[in-house]
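Just so we're on the same page: letters track the sequence lines, and every chain starts at 1.
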Amino acid sequence: MSTTRQTDEKRTPRAAGAYDHRAIEAKWQAYWDRQQTFRTLNPGEPGFDASRPKYYVLDFFPYPSGAGLHVGHPLGYCATDIVARYKRMRGFNVLHPMGFDAFGLPAEQYAIQTNVHPAITTRANIDTYRRQLKMLGFSYDWSRELATCFPDYYKFTQWCFARMFEAWYDEACAWPGPDGRRVVGRARPVAELEQQLSSGAWSVDATLGIVRAPAADGNRAWSELSPAEQREFINRRRLAYIDEIPVNWCPALGTVLANEEVDNQGRSERGGHPVYRRPLRQWMMRITEYAERLLADLEDLDWPEPIKLMQRNWIGRSTGAEVVFPLAGAFSWQDGRWRTRDGRPIVGRELYFHQDVIRIYTTRPDTLFGATYMVLAPEHPLVARVTTPEHRPAVDRYVETARHRSDLERTAETRLKTGVFTGGFAINPVNGERIPVWVADYVLMGYGTGAIMAVPGHDTRDFEFAKQFDLPIIAVVRPPDAWIHEQITTRGVDEDYCRRTGRARLPEQLLNSASAAAGIIGGITAQDATAVLDGDAGWVNQVAWPVYAAGPGIFHEAYCGDGVGLNSGRFDGLPTPEFKERIVGWLEEQGLGRGAVNYKLRDWIFSRQKYWGEPFPVLHGEDGETIAVPDDELPVELPQMENFRPTPVADDEHTVPAPPLARAKEWVSVTRGGKTWTRDANTMPQWAGSCWYYLRFIDPHNEHRFCGAEAEKYWSPVDLYVGGAEHAVLHLLYARFWHKALYDLGYVCRAEPFAKLFNQGMIQAFAYRNARGSLIGPDRVAHRGEDQFFDSQTGEPLTRIVAKMSKALNNVVNPDEIVSAFGADTFRLYEMYMGPLDASKPWNTQDVPGLYKLCNRIWRLVVDVDTGELSPALTDDAPDEAALRLLHKAIRKVGADIEALKFNTAIAAFFDFVNGVTRMERRPRGIIEPFVLLVTPFAPHLAEELWQRLGHSESLAYQSWPAYDEALARDPEVEIAVQVLGKIKARIMVAADADEKTLEAAALADPAVREAIRGKTVRKVIVVKGRLVNVVAS
RNA sequence: GCCGGAGUGGCGGAAUUGGCAGACGCGCGGGAUUCAAAAUCCCGUUGGGGCAACUCAGUGAGGGUUCGAGUCCCUCCUCCGGCACCA
């Protein structure tokens, strides 16, 4: 990329006082460093001023990639720096730190390619980032810098993990949080649980459930459990636990792949090797226990509503029921009661807990009578049990192919549904009917119970599936008549389905009657349909309705809304909500089900089979016991390894990954108290370090605690957190979860970490597309005129489009070049002036000189370019009213815009001010000095230099923000528009505070308005004070 | 596919949240200054018609609500972000 501005050498001799961004920026950056201008004190430190309010403004810290910063990164940093500098000037103690998210996959992959250790490349990358960030003049307190990959940091990431490993979730615990709010559910130390149990206060039931009472009625005391059972009991409840979870296992690469690394053929993006979706032992975080609190606490956060909505959808709370469908081979329904195969009657809730049942979750228990088949996810443990021998080959084949498909692909609604019959049957518990059990991949193991009752009459996916495999479809909800009518009149009847299922006569009959009733067919409109209904309600009742009730498959879609119960025995006629309530009650009585809340949110897979991450601070014993490494032995340092690659193994899905750490033999094996233990060879995901870095910034050098309690209490929460919307769900949800766990355990004093969140947009870049749709980078594009572009190699015409900056497109803009040519202040102003902070917008280097010009113009307000002295136009005279109005408008606008994070319009106000002052022959200091203060947050180097030249000896970083006078910030007279019937006919000048009557009179007196309403009667006059008058006349 | 967001002059965008569409900047055109250029300053710049006063159209497309819609509602199109092991 080349910038168009000429270099200094090419220009004619520089005037002595020209704006020299290089000298100024170097000077002030050195000054800030030397003076430690932005060093922030913690409570308790000498000089800390407790009388000031605090403000914690934080950026999403960057991942230091090898490419260095591109112009997209600093967008948010410019914004937070403006806020940080502004808040300091408003008298706040400001915490504004920066650090690096330095563990992770890209560093490891780069290291594998180049054979340079990730620790080395990461350090070098951090150095580059730091240099670039300092170059931009951000007011970070660099003494608080941290990186997640340094042992003094990850020592406490491991400490947090150990706390979660040693915690269990007590969902029944109701307690007042330290901030006074009542919370239900709490992570508590495992030791507390063990104490309750071993003291005999609590006991254990047959399914290893907690009984909050001493042992009785078959419940066992803790001491009666075997050590293995005790361990199992505890492990099942830990916040951090180990479980078998399906992952993308690629034996040829020796590693587990991210979904994005797997192509849609089920092969690895890199190398095209087979990938198997198979369960592997993984560390998991029990985030699902926090689903309800993560959802509820969203309410009070000052976050963008769309982000909250995305988190709500992600958590995906639904209410419904869990219901068991007994397997037909194991149970029967005879003489009004359930019996085992050998005829023994079932008692109590035995069925509900029995293993020979299919447990399903449904949000629509009111449609239980419409369940005509069941579907198990291919991974469901019951698949093997229900499949009959003659169906086994087909089922096995199906399960095998399903393993290669991603969840995304499996649930895509465009895809043709697939599935196979297992040969097995279950019994519908509400009516005792035998229904077939299928396996299909549109059911996911990870959601609900991994099995569904299929109600094809009232669920879109089941409806499609049933039609495809000719499974029975029955109606159990009566839709509103209008729905049936609309189906007939707009979408028509599924003739093909009717023919196949031998219902040929029914639609004919239906349509004939419809036409008889309506008098028209085919071309009927939706409005007409209503009229037809009104005219002959009997038609729907007598013809269309019975036909639908007999077979809802006649239409092209299922009715999925609420309605009235039908074909449901004694529940017939109940409206959906009441039906749900009643049937859940009945299921509970019968021991066949219960009301349930379900979440889409899944537990968090917390291990990676990678080298460059935090080692787990745990030891595995030979007998299956896992213990946390004692705190005083932390950190468990990542061993130095020459070879940090994964180990490829034979292409056999049953192989097990050997993470790189497993090869560090001396590191892995540990002896404790005569026993041999093994370290965990997995590492934590990159999210781990970023889940609590905002806490470490508060007290980054504390060797004893992740963060001092007093400092945490003072600085929490983060008042403003700015970063890209691509983190809307995952990082922000994981961090909230992590924070709540620390909160429950008493380590932090607030339930939420980030009070206000703002999502910056993405900076894009122009790219070019040829007629075949290929993208061409700007380096290969020739311009002709303003808007014609050609491929410089082939001569083909190209169209300009906006695309993500990427190395592949060669459209990445590096801030170093921009800063070198125009300076950091121009760079900051340009980034902020591009548009609203939250919008994505294309970088256009052509526009940068406009902001450079602004810097020059501001410079010349103070400095005489020829001499380098103060400008002769600068006077000590009292400013006149016009000058004061200019200033006070600017103060009001800039302050309000910074508070609202609308930096682009704040800069427009700078232009307005400068345009105004440029026209003035004499420039009173009384308006120039305050204006320099306004500019400070945006262009701090320029402002510091001007401030000094204006005769001030101290940095203006802590000068008070100027105040404005409301009377001077508003014009005394305003122009308002006068409309007649919404069309503007005149503009009149009136006093700004003129009342409605005055405005109306002035408007009606205007000649143009009188002309427009001549001969008409004025019906109404709408007056909006200070805005417009609209005369309605006819 | 599902969830979320966005479409306004040649370009980036503004619009006090239902009240004068196009603030401000870039670009472009014209002028002043200059031997000339750069820089600077001034004027113009949504499109159509008109010498002009003025007038008609106009915020992705179509419909609706309203005295009044860029803004609210419905349908559709295009682009961007996320979809759990990229972070």
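Centroid-to-centroid, the aromatic rings of A:Phe100 and A:Tyr693 stay 6.0 Å apart or farther. Ring centroids of A:Trp859 and A:Tyr19 are separated by less than 6.0 Å, placing the two rings close together. Between A:Phe822 and A:His21, the ring centre distance reaches or exceeds 6.0 Å. A:Trp249 and A:Tyr276 have their aromatic ring centers separated by at least 6.0 angstrom. Taking the ring centroids of A:Phe61 and A:Tyr694, they lie at or beyond the 6.0 Å cut-off. The ring of A:Tyr721 has its center no closer than 6.0 angstrom to the ring center of A:Phe758.
At whole-Å resolution of the value, OH in A:Tyr63 and C1' in B:C85 are 14 Å apart. Look at CH2 on A:Trp314: it is 17 Å from C1' on B:G5, rounded to the nearest Å. Rounded to an integer number of Å, the gap from A:Asp866 CG to B:U40 P is 14 Å. Rounded to an integer number of Å, the gap from CD of A:Glu305 to C1' of B:C3 is 15 Å. Atom CG in A:Asn844 sits roughly 12 Å away from atom P in B:C28 (whole-Å rounding).
Heavy atoms of A:Leu1028 sit under 4.0 angstrom from at least one base atom. A:Met310 comes within 4.0 angstrom of a nucleotide base, judged by non-hydrogen atoms across all strands. Contact annotation for A:Leu309: backbone-only contact, meaning every heavy-atom pair under 4.0 Å involves sugar-phosphate atoms and none involves a base. Among the protein residues, A:Leu601 comes within range of the nucleic acid bases, having at least one heavy atom under 4.0 Å from a base atom. Using a 4.0 Å heavy-atom cutoff across all strands shown, A:Val729 reaches no nucleic acid atom at all. Using a 4.0 Å heavy-atom criterion, one finds that A:Asp101 contacts the sugar-phosphate atoms exclusively. As judged by a 4.0 angstrom heavy-atom cut-off over every strand, A:Ser690 is placed among residues making no nucleic acid contact. Within the 4.0 angstrom heavy-atom criterion, base atoms lie near A:Ile605. A:Arg857 comes within 4.0 angstrom of the backbone, heavy atoms only, and of no base. Within 4.0 Å (heavy atoms only), A:Gln979 reaches at least one base atom of the nucleic acid. The residue A:Gln282 sits close to a base: some heavy atom pair falls under 4.0 Å. At a threshold of 4.0 angstrom between heavy atoms, the contacts of A:Pro306 are confined to the sugar-phosphate backbone, with no base atom among them.
B:A6 and B:G18: their P atoms are spaced 15 Å apart (whole Å). Across B:G60 and B:C77, the matching C1' atoms stand 7 Å from one another, rounded to whole Å. B:G64 sits 13 Å from B:A69 when the P atoms are compared, rounded to a whole Å. The C1' atoms of B:U71 and B:A15 are separated by 10 Å, rounded to the nearest whole Å. The separation of B:U17 from B:A53, taken at their C1' atoms, amounts to 36 Å, rounded to a whole angstrom. Of the P atoms belonging to B:C41 and B:U78, the separation is 46 Å, rounded to the nearest Å. Taking atom P in both B:U75 and B:C2, the straight-line distance is 14 Å, to the nearest Å. Using P as the reference atom, B:G58 and B:C24 are 25 Å apart when rounded to the nearest Å.
For B:C24, the OP1/OP2 oxygens have no side-chain nitrogen or oxygen of A:Asn904 closer than 4.0 Å. Residue A:Asn915 places at least one side-chain N or O under 4.0 Å from the OP1 or OP2 atom of B:G25. Put simply, A:Arg461 has no side-chain N or O that comes within less than 4.0 Å of OP1 or OP2 on B:G1. Contact between the side-chain N/O atoms of A:Arg860 and the OP1/OP2 oxygens of B:C41 is found at a separation under 4.0 Å. Here A:Lys983 reaches the OP1 or OP2 of B:A57: one of its side-chain N or O atoms lies under 4.0 Å away. A sub-4.0 Å separation between OP1 or OP2 of B:C42 and a side-chain N or O of A:Arg919 is present. Listed pair A:Lys902 / B:A15 meets the phosphate criterion, a side-chain N or O lying under 4.0 Å from OP1 or OP2. When the side-chain nitrogen and oxygen atoms of A:Asn259 are compared with OP1 and OP2 of B:A84, one or more of them lie within a distance under 4.0 Å. An OP1 or OP2 oxygen of B:C20 is reached within less than 4.0 angstrom by no side-chain nitrogen or oxygen of A:Arg987. The side chain of A:Lys853 contributes an N or O atom lying less than 4.0 Å from OP1 or OP2 of B:C26.
For B:G9, the base is syn relative to its sugar; the glycosidic angle is within 90° of 0. Anti is the glycosidic conformation of B:U40, whose angle departs from 0 by more than 90°.
Residue side chain A:Glu726 does not reach the base of B:C86 through any donor-acceptor N/O pair under 3.5 Å, judged by distance alone.
No side-chain donor-acceptor contact under 3.5 Å links A:Ser871 and A:Asp864. Using modelled atom types and a 3.5 Å distance limit, the side chains of A:Arg608 and A:Asn682 yield no donor-acceptor pair. For the residue pair A:Asn844/A:Tyr830, the side-chain donor-acceptor check at 3.5 Å is not satisfied.
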Checklist entry - So what does the secondary structure string of RNA chain B come out as, 5' to 3', with Watson-Crick or wobble pairs under 3.5 angstrom, [ ] for crossing and | for pairs with another strand? => result (((((((..(((......[....)))((((((.......))))))((((....))))..(((((..]....))))))))))))....

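Considering CG of A:Leu851 and CZ of A:Arg857, their distance stands at 12.0 Å, rounded to 0.5 Å.
Ring planes of A:His73 and A:His70: tilted class, angle from 30 to 60°.
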